[in-house]
Amino acid sequence: MAQQNQEKQAKGGKDEGIATRAQDYSQWYLDIIKRAELAENSAVRGCMVIRPHGYTIWEKMQRELDDRFKATGHVNAYFPLFIPLSFLTKEEKHASGFAKECAVVTHHRLMSKDGEVIVDPESKLEEPLVVRPTSETIIWSQYKNWIQSYRDLPLLINQWANVCRWEMRTRLFLRTAEFLWQEGHTAHASEAEAREETRRMLGVYADFAENVMAMPVVQGAKSPGETFPGAVQSLCIEAMMQDGKALQAGTSHYLGQNFAKSADVKFLNKEGQLEYVYATSWGVSTRLIGGLIMTHSDDNGLVCPPKLAPIHVVVVPIFRKDDEKAKVMEESDKVAAELRAQGLTVKIDDRDMHPGAKYYEWEMKGVPLRIEIGPKDIEKGSLCLVRRFVLEQEGESEQDQRKRKKTFPPRAEALASVKKLLDEMQGQLLDRAKAMRAKRTRVIDSIADFEKFFNDEGGGFAWVHWAGNAEQEGELAERFKTSVRCIPFEDQIPAEAKGEGKCILTGQPSMHRIVMAKAY
RNA sequence: CGGGGCGUAGCUCAGUUUGGUAGAGCGCGUGGUUUGGGACCACGAGGCCGCAGGUUCAAAUCCUGUCGCCCCGACCA
């Protein structure tokens, strides 16, 4: 950003630019988060402060997801932040999977000494407490008391919580030491039912991603190497960001009887026999906000799908003199009231600033629709509607595109069209994201083409036949920084990628193609 | 955790080579003129130069340590 700002200053421009995607994609991502006031770093390494504009997006995500969880029969509950160390050691694979990234509480008291506050060495806990990296262990220790009979099943519980994973390298939203998420934990009387639940909740995530976030995803299973510690099988949704890298946007795990065994949770089935319970867990996190940014935003700032936009419409009053101001403000209030009556969130920006400055600011913050109201509009009985974005047309100048964003419909017509317009924009975002993904998706049958795709053509999703083992996957990771993102379900495979073939690396027969990509 | 870069006003950065009273632009406050794509004038507020030691008559500047941020690796949702 420094270089760009210097350029802008040299041109006499304003010191308010962000990096462009072409210049520096990761800087662009960070600039947007900062300038749209979504989040910022905190005094604690790796932990972020989610600012109101960002948190509102999360609240809207929560509402949409929670409604879907309830509609599929789940209820919310809350389990503790702290997990006794001994709990975490019960399930061996699970424990070793998280061992390297756990925060541990060892004392319970502070004291003053020589003017400083120190940890009181006398207050050492008998058993250290682990700050939850996920809650399977503590939840299942409780489920033991709740489940005796098949009549107690299925147990369908979700919790909204924070979790802590002590990451070496963090990035706002995508990977932070503490993050917010939901974790569903269900118990079932049969493997089939648990597997069905695993798949159902992945479907909920996919529906949410596409229809609320306007972010298309590929649904499938994780390779053994990427399976959740302690799970029998992990399912995932994978989205493609604008730089062609994959983002795991949600996971749903079939846990088999692993946690039931480690927590000793048995139930009496209809036949009167004791059996271990079958389990699932599934989660999405604030990482989705990172995915949202990298799917839709542009060089002017955040682009937010209307369904998640903290503000749907910003009204910018325009006036010169006091008598104009009175009329314009009155009309602005009326317009806002009529839109609010339609259930829309409307902000009137009446700050004493030039209108242009406000336009830039609200574009940066991703408000989908702007209404400019000035004396001319009142006189003509029309409104000036400005969309946050229009679909790109080739060879179009910035000026022309800006014009295309604006319309001046009669007042009544304008107010009646706002919801339709927002819906249309929601749809356009999904279409645009799908087109972007299609452009960076290839069916690939040789390592040479694979290399060309990732090294020369920018990369993306490569649909390849794969029969390699974990070690061979590692070889590709070393050479191209790619990994198996998911083993897609049959219905997720595009027509041109269907059918059997030979492994791209080993030449061994392969039943169907998988998705390889670089990943966040 | 390894390699590289950077920490000076809210932001972006000069100043560090060669030690000598802390700078610019933007932003912020007040007053006035302005307001249909980032307004202008005047006045003003704001920094123990990331932090802690050390060298020195004197440290933003030299030395040591430490913390944080960014980029690239390894690890990960």
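Remember, it's a predicted structure, so these values are computed and weren't measured experimentally. The chains referred to below are lettered A, B, ... by the order of the sequence lines, with proteins before strands, and numbering in each begins at 1.
Under the Watson-Crick or G-U wobble criterion, with both distances below 3.5 Å, G27(B) is left unpaired in every strand shown. Base pairing analysis places C48(B) opposite nothing; no Watson-Crick or G-U wobble pair with both distances below 3.5 Å involves it. In this structure, C6(B) and G68(B) make a Watson-Crick or G-U wobble pair, each of the two defining distances being under 3.5 angstrom. Searching all strands for a Watson-Crick or G-U wobble partner of A60(B) with both distances below 3.5 Å returns nothing. Remark: C40(B) base-pairs with G32(B). Criterion, Watson-Crick or G-U wobble with two distances under 3.5 Å.
Distance K518(A) NZ to A74(B) P: 11 Å, rounded to the nearest Å. Distance, D352(A) CG to G29(B) C1': 13 Å, rounded to whole Å. The distance between atom OH of Y520(A) and atom P of G73(B), rounded to the nearest whole Å, is 12 Å. Atom-to-atom, CD1 of I18(A) to C1' of U12(B) comes out at 15 Å; the value is rounded to the nearest Å.
Centre separation under 5.5 Å together with a plane angle under 30° holds for the ring of Y360(A) and the six-membered base ring of G38(B), marking them as stacked.
The aromatic rings of F454(A) and F450(A) sit tilted relative to each other, their planes meeting at an angle between 30° and 60°. Ring planes of H253(A) and F228(A): parallel class, angle under 30° (limits at 30 and 60°).
Using a 4.0 Å heavy-atom criterion, one finds that T251(A) contacts no nucleic acid atom at all. Within the nucleic acid shown, E372(A) comes within 4.0 Å of at least one base atom, counting heavy atoms only. As judged by a 4.0 angstrom heavy-atom cut-off over every strand, T176(A) is placed among the base-contacting residues. Looking at heavy-atom distances under 4.0 Å, E226(A) makes no contact with the nucleic acid at all. L247(A) comes within contact range of no nucleotide atom at all, as no heavy-atom separation falls under 4.0 Å. F319(A) comes within contact range of at least one nucleobase, with a heavy-atom separation under 4.0 Å. When heavy atoms are screened at a 4.0 angstrom cut-off, R370(A) is found touching base atoms of the nucleic acid.
Y25(A) and Q242(A) share no donor-acceptor pair across their side chains, judged by distance under 3.5 Å alone.
Listed pair H354(A) / A39(B) meets the phosphate criterion, a side-chain N or O lying under 4.0 Å from OP1 or OP2. A close approach under 4.0 Å does occur between a side-chain nitrogen or oxygen of S26(A) and OP1 or OP2 of C71(B). Close to C75(B), at under 4.0 Å from its OP1 or OP2, lies no side-chain N or O of R165(A). Residue K481(A) places at least one side-chain N or O under 4.0 Å from the OP1 or OP2 atom of G73(B).
A cation-pi arrangement is absent between R485(A) and F461(A) under the rule of less than 6.0 angstrom and at most 45 degrees off the ring axis. Because its NZ or CZ atom is not both nearer than 6.0 Å to the ring centre of F408(A) and within 45° of the ring axis, K406(A) does not count as a cation-pi partner of that residue.
Of the residues in residues 374-391 of chain A, those lying under 4.0 Å from RNA chain B by heavy-atom distance are G374(A), P375(A), K376(A), D377(A), C384(A). Against RNA chain B, the stretch residues 199-210 of chain A makes no heavy-atom approach under 4.0 Å.
Rounded to the nearest 0.5 Å, atoms OG1 (T482(A)) and CG (L476(A)) are 5.0 Å apart.
Between R388(A) and D298(A) a salt bridge is recorded (basic side-chain N to carboxylate O distance below 4.0 Å). The pair E330(A)-K334(A) counts as a salt bridge, with a side-chain nitrogen and a carboxylate oxygen less than 4.0 angstrom apart. The residues R21(A) and D243(A) are annotated as not salt-bridged, no charged nitrogen and carboxylate oxygen being separated by less than 4.0 angstrom. At a threshold of 4.0 Å, the pair E361(A)-R351(A) counts as salt-bridged, since one of the basic side-chain nitrogens sits closer than that to a carboxylate oxygen.
When each of S42(A) and K405(A) is assigned the nucleotide of RNA chain B bearing its nearest heavy atom, the one mapping closer to the 5' terminus is K405(A). Comparing E101(A) and M353(A), the nucleotide of RNA chain B nearest to each residue sits closer to the 5' end for M353(A).
Every pair passing side chain to side chain donor-acceptor pair (under 3.5 Å) that includes a residue from residues 209-223 of chain A is listed here, sequence neighbours excluded: D207(A)-N211(A), K222(A)-E238(A), K222(A)-Q248(A).
No donor-acceptor contact under 3.5 Å links the side chain of E361(A) to the base of G37(B).
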